[in-house]
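Before any comments, here is the structure.
This is a predicted model, so every value here is computed, not measured. Lettering follows sequence order; numbering is per chain, from 1.
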There are 2 protein chains.
Amino acid sequence: MGNLSHHHHHPVDHEQFQAELKDKLNSLGYRYTPQRQQIVGLFLADEGHLTPKEVTERMESQSAAIDQATIYRSLEFFHKIGVLSCSQIGGQTVYEIAHSVPHHHLVCTNCDAVMPLDDHHFDELVEHLWQDHQFKASLTHLTISGLCGHCAN
Amino acid sequence: MGNLSHHHHHPVDHEQFQAELKDKLNSLGYRYTPQRQQIVGLFLADEGHLTPKEVTERMESQSAAIDQATIYRSLEFFHKIGVLSCSQIGGQTVYEIAHSVPHHHLVCTNCDAVMPLDDHHFDELVEHLWQDHQFKASLTHLTISGLCGHCAN
DNA sequence: CTCCTTATTGCAAAAATTTGCAATAATATA
DNA sequence: TATATTATTGCAAATTTTTGCAATAAGGAG
């Protein structure tokens, strides 16, 4: 895919994002259905993490009811192709747009605060895993548990 | 807790492990019930990852039926206090004994192969997160996705 | 524009996981 | 050792997530 990056509060970019996404899916033999469009639209409009349940609720409030099974399958589908990232935070499965600039999450196990962590911190590690362990790490979205500054006291 | 480390194929060590675990729980105000003993026993005897379902099955085959809810709650409990580690592998939630010597997992997204990765690789990162991000990372069991040597070709 | 292929959906049922609560039983204490 | 406290269990119901399958509809081809 070319450049699927997006920016906040810019509907125009959202349209472009969706158009490029459609092309990407089609070129892979997938289809860009209204349901998938709506789900992606939700993540574009509503930055941040969403649980499957939250996705369902917001769909209903848009009177665009989509079957639960479809929602679960779509989230998993978008995750598989790299459009959404998936992580476990506070015991919940949450999805979010996978930015073109990868980043990771520091999650406080005490207060569930989530802090972003830039990708470059792992450059060395990835290189090492490849050179010495023959493992091609794909660090698109790592979650690191611990205690934030507040809770560490 | 003192030293809860254990070694493979040494029932004596297992007994000691369990004894120390009982002391630890009691000192924390928890109770070491037969159900919890059996579940921990399973992980001690049967090295490796186990899903909640597998735990249930092995319990049944030992004619020591424990209610599903108790199994889920116990796994979560042991995870919370650091006796078991928990991770998502191949879309499944799996638990295993949290060794006193921490290690991590390289998981191949293609063939689900799991390779251990020593903890020391993260020493620098942990130090950096603490110094520059005021985040006290607890890297007891990290899962890194990617492709193993085989599948990378 | 119409037809074909088949990816995807909705539905309903199954399976997995969580939760509330009364009964039970593991500890600490006397 | 007997008793009191309350953490933990089992059960049943609720909730969440997955799965099979027939019907639908997206996208490519003519």
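Read 5' to 3', the first and last nucleotides of DNA chain D with an atom closer than 4.0 Å to a heavy atom of chain A are dT16(D) to dG27(D).
Using a 4.0 Å heavy-atom distance criterion, N26(A) is classed as a sugar-phosphate-only contact.
Side chain of K22(A) to backbone of F17(A): no donor-acceptor contact under 3.5 angstrom is found.
Both L25(B) and G91(B) lie near DNA chain D, and the one whose nearest nucleotide falls closer to the 5' end is L25(B). Nucleotides of DNA chain C nearest to R73(A) and K22(B) differ in position, and the one nearer the 5' end is that of R73(A).
Between the side chains of Q88(B) and T143(B), no donor-acceptor pair is found at a separation under 3.5 Å. With 3.5 Å as the limit, one finds no donor-acceptor pair spanning the side chains of S74(A) and Q35(A).
One finds the CD atom of Q134(B) at 11.0 Å from the CG atom of L106(A) (value rounded to the nearest 0.5 Å).
Separating the CD atom of Q68(B) from the P atom of dT19(C) is a distance of 15 Å, rounded to the nearest angstrom. Summarising the geometry, the separation between CD1 on I81(A) and P on dA7(C) is reported as 15 Å, rounded to the nearest angstrom.
Counting all heavy atoms, side chain and backbone alike, I144(A) lies closest to F135(B) at O-CZ, 3.8 Å.
In the region residues 28-37 of chain A, proximity to DNA chain C at under 4.0 angstrom, judged on heavy atoms, holds for G29(A), Y30(A), R31(A), T33(A), Q35(A), R36(A).
Residues passing the ring-ring contact (aromatic ring centres under 6.0 Å, His included) test with H128(B) are H121(A), H133(B), sequence neighbours excluded. For the ring-ring contact (aromatic ring centres under 6.0 Å, His included) test, residues two or more places apart in sequence or in another chain that qualify with H105(A) are H49(A), H103(A), H141(A). Every residue two or more places apart in sequence or in another chain was checked for a ring-ring contact (aromatic ring centres under 6.0 Å, His included) with Y72(B), and none qualifies.
Helix bend of the helix from dC1(C)-dG30(D) to dA30(C)-dT1(D): the angle between its two end axes, each built from five pairs, comes to 40° after rounding to 10°.
A continuous path of hydrophobic side-chain contacts links V40(A) to I71(A) [ILVMFWY only; heavy atoms under 4.5 Å]. Hydrophobic clustering, with ILVMFWY side chains joined whenever heavy atoms are under 4.5 angstrom apart, groups L139(A) together with V126(B).
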Open item on the list: Could you go through F77(A) and Y30(A), starting from their C-alpha distance and side-chain angles, then the distance that decides it, and tell me whether this counts as ring pair (Phe, Tyr, Trp, His ring centres under 6.0 Å)?
Closed with: CA-CA 10 Å; F77(A) 168 78; Y30(A) 302 122; 4.9 Å; yes
